[in-house]
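Note that the structure is a prediction, hence the values are computed from the model and not measured. Just so it is clear, the values below take in all heavy atoms, side chains as well, and ignore hydrogens, waters and symmetry mates.
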Protein chains: 2
Amino acid sequence: MAMRIGELARQAGTTTRTLRHYEELGLLPARRTGNGYRTYDDGDLRLLQQIRTLQDFGFGLEETRPFVDCLRAGHPAGDSCPASLDVYRRKLAELDECIADLQRIRAEVGGQLARAELEAAADVPGGPPPLCAFAPPPGHEAPAPGHEASPPEHGRETGTP
Amino acid sequence: MAMRIGELARQAGTTTRTLRHYEELGLLPARRTGNGYRTYDDGDLRLLQQIRTLQDFGFGLEETRPFVDCLRAGHPAGDSCPASLDVYRRKLAELDECIADLQRIRAEVGGQLARAELEAAADVPGGPPPLCAFAPPPGHEAPAPGHEASPPEHGRETGTP
DNA sequence: CCTGGACTTGACGTCAGCGTGAAGGTTTAC
DNA sequence: GTAAACCTTCACGCTGACGTCAAGTCCAGG
């Protein structure tokens with residue numbers, strides 16, 4: 001039941017530094033033993049798990065506070081309180097807007113790439129030399145066939161940036 | 001044509017601080033007049049516009065460098081060089097992954113909200129009092145009909161978080 | 001001459017969520 | 001009895017893209 005900071009960190013898969021940080025924020029205050037050591041119980045583990053779950057969803061620490069307060073108030077779940085539901089709703093709206101923004105940007109960037117690739121293909125039909133670095137204003141001295149620097153097969157949808 | 005930092009900032013809709021910052025990064029170096037004042041021309045304005053456009057797309061400043069270099073090398077557009085196209089492609093992949101993450105999270109949060117709303121409706125069918133703040137572990141003393149603190153009509157899709 | 005505006009460099013502050021020591025006290029195991 | 005492992009409180013560092021003073025320089029108008 002009772003445990004010290006290192007043990008709690010291990011059980012929650014986080015670090016002691018993180019727990020101390022949460023305490024600084026008043027998010028997860030700890031009781032103390034006689035020697036000054038922080039001491040936690042299973043309830044604190046639940047609070048912490050709630051925080052980490054929301055963090056994984058991209059919630060800021062302050063946004064997790066209503067959930068934590070709700071749990072500490074004795075409710076069965078962190079989202080049993082209206083304040084928590086409000087945070088859910090605000091987050092959903094935020095996510096929707098963010099997703100819409102990103103999709104708009106994705107479309108724009110995709111369009112720019114397509115256009116730029118077309119223009120590159122037009123300017124360099126056979127394969128003139130890349131004149132990046134040393135090139136006077138839009139003149140065109142491209143007699144010799146080129147080499148090097150070809151687009152990597154225009155492959156989309158890779159992963160892990 | 002030639003202008004000082006304040007004028008360029010105005011024309012690009014940014015601040016002098018930003019321009020000095022770009023210069024620190026070597027992104028937009030300035031010539032100097034006799035008195036030490038930075039001086040820019042229309043070419044610099046174009047470079048700056050390129051940077052700002054990409055910034056609006058969420059590109060980091062370092063990611064704009066290939067575009068700026070490309071323009072400065074005399075190419076007609078910032079994305080006329082292979083290095084710029086690569087940045088486009090990497091950004092697209094990044095955007096796709098980010099969008100996918102957010103959509104997954106949106107689904108999870110949406111699910112949590114739905115579940116929590118159901119549970120709230122189940123626990124409080126007629127309208128028992130919200131016992132957030134002061135509530136001993138999951139007991140249930142809810143005789144009197146409640147008031148106050150109702151969810152805002154569960155409205156989704158608002159804006160500007 | 002003097003005021004005011006635009007310019008200069010330098011350097012610290014902001015936001016978030018911790019990481020990473022330093023310097024020292026406590027407990028535990030052998 | 002001593003080393004290892006744990007704990008404590010500072011307190012600075014990191015990332016990005018600037019904001020915000022502060023103190024001094026430069027130039028034009030009245």
Side-chain angles (χ1 to χ4, degrees), chain A residues 2-41 44 47-65 67-68 87 90-91 94 98 105 161, chain B residues 2-41 44 47-68 87 90-91 94-95 98 105 161:
Chain A
M3 51 193 152
R4 294 181 303 186
I5 193 169
E7 178 60 10
L8 178 59
R10 254 187 306 279
Q11 288 200 30
T14 182
T15 69
T16 60
R17 179 67 184 88
T18 294
L19 300 187
R20 294 196 186 97
H21 181 54
Y22 291 173
E23 185 172 16
E24 283 179 42
L25 299 180
L27 201 55
L28 190 64
R31 278 114 291 168
R32 301 298 182 116
T33 59
N35 53 20
Y37 284 15
R38 289 170 179 83
T39 184
Y40 302 89
D41 59 22
D44 293 313
L47 297 184
L48 184 50
Q49 284 167 339
Q50 173 74 79
I51 295 171
R52 302 306 299 187
T53 299
L54 294 174
Q55 280 265 93
D56 289 345
F57 287 165
F59 285 56
L61 287 178
E62 287 308 322
E63 290 177 318
T64 71
R65 205 179 285 273
F67 294 80
V68 175
V87 174
R90 262 182 284 136
K91 206 64 185 182
E94 195 179 313
C98 190
I105 288 172
Chain B
M3 50 193 155
R4 295 179 304 183
I5 194 170
E7 178 61 12
L8 178 58
R10 255 187 306 278
Q11 288 200 29
T14 182
T15 68
T16 60
R17 179 66 184 88
T18 295
L19 300 187
R20 292 197 187 96
H21 181 55
Y22 292 174
E23 185 172 15
E24 282 180 43
L25 299 181
L27 201 56
L28 189 64
R31 278 115 290 168
R32 301 300 181 115
T33 59
N35 53 23
Y37 284 15
R38 288 169 179 84
T39 184
Y40 302 90
D41 58 24
D44 292 313
L47 297 184
L48 184 50
Q49 285 167 338
Q50 173 76 80
I51 295 172
R52 302 305 298 184
T53 299
L54 294 175
Q55 281 265 93
D56 289 344
F57 287 165
F59 285 56
L61 286 177
E62 287 308 323
E63 290 176 318
T64 71
R65 203 179 286 272
F67 295 79
V68 175
V87 174
R90 262 181 283 137
K91 206 65 185 180
E94 196 179 312
L95 283 166
C98 189
I105 288 173

From CG of A/Leu25 over to P of C/dC15, roughly how many Å is that when rounded to an integer? 13 Å

To the nearest angstrom, the OH-C1' distance between A/Tyr37 and C/dG24 comes to 11 Å

Between B/Thr15 and B/Arg4, which residue's closest nucleotide on DNA chain D lies nearer the 5′ terminus? B/Thr15

Close side-chain approach of B/Leu25 to B/Arg65, heavy-atom, < 4.5 Å: yes

Between A/Asp44 and A/Leu47 (side chain of the first, backbone of the second, donor and acceptor by atom type, cut-off under 3.5 Å), is there such a pair? no

To the nearest Å, how far apart are A/Leu27 CG and C/dG17 C1'? 12 Å

Under the side-chain contact (heavy atoms from CB on, under 4.5 Å) rule, what do B/Glu7 and B/Arg10 come out as? Steps first, then yes or no, please. CA-CA 5 Å; B/Glu7 178 61 12; B/Arg10 255 187 306 278; 3.4 Å; yes

Less than 4.5 Å apart, side chain to side chain, heavy atoms only: is that true for A/Arg31 and A/Asp41? yes

Want to settle it: does A/Asn35 or A/Gln55 sit nearer the 5' end of DNA chain C, counting the closest nucleotide to each? A/Gln55

B/His21 side chain reached by B/Thr14 side chain, heavy atoms, under 4.5 Å: no

With a 4.0 angstrom cut-off to heavy atoms of chain B, pull out the first and last contacting nucleotide of DNA chain D, in 5'-to-3' order. D/dA17 to D/dC27

Near DNA chain C, which residues from residues 16-24 of chain B have a heavy atom under 4.0 Å away? B/Arg17, B/Arg20

Heavy-atom side-chain contact between A/Leu48 and A/Leu19 under 4.5 Å: yes

Roughly how far apart are B/Gln50 CD and B/Phe59 CZ, rounded to 0.5 Å? 9.0 Å

Please report the distance, rounded to the nearest Å, between CZ in B/Arg32 and P in C/dC7. 12 Å

Students often get this wrong, so: under 4.0 angstrom with heavy atoms, is B/Arg52 touching a base, only sugar-phosphate, or nothing? sugar-phosphate

Going through the checks in order, is the side-chain contact (heavy atoms from CB on, under 4.5 Å) test met by B/Ile105 and A/Lys91? CA-CA 10 Å; B/Ile105 288 173; A/Lys91 206 64 185 182; over 6 Å; no

At what distance, to the nearest 0.5 angstrom, does OG1 of A/Thr15 lie from CG of A/Leu8? 10.5 Å

Rounded to whole Å, please give me the gap between CG in A/Asp56 and C1' in C/dA16. 16 Å

In whole angstroms, how far is the P atom of C/dA16 from the CD1 atom of A/Ile51? 16 Å

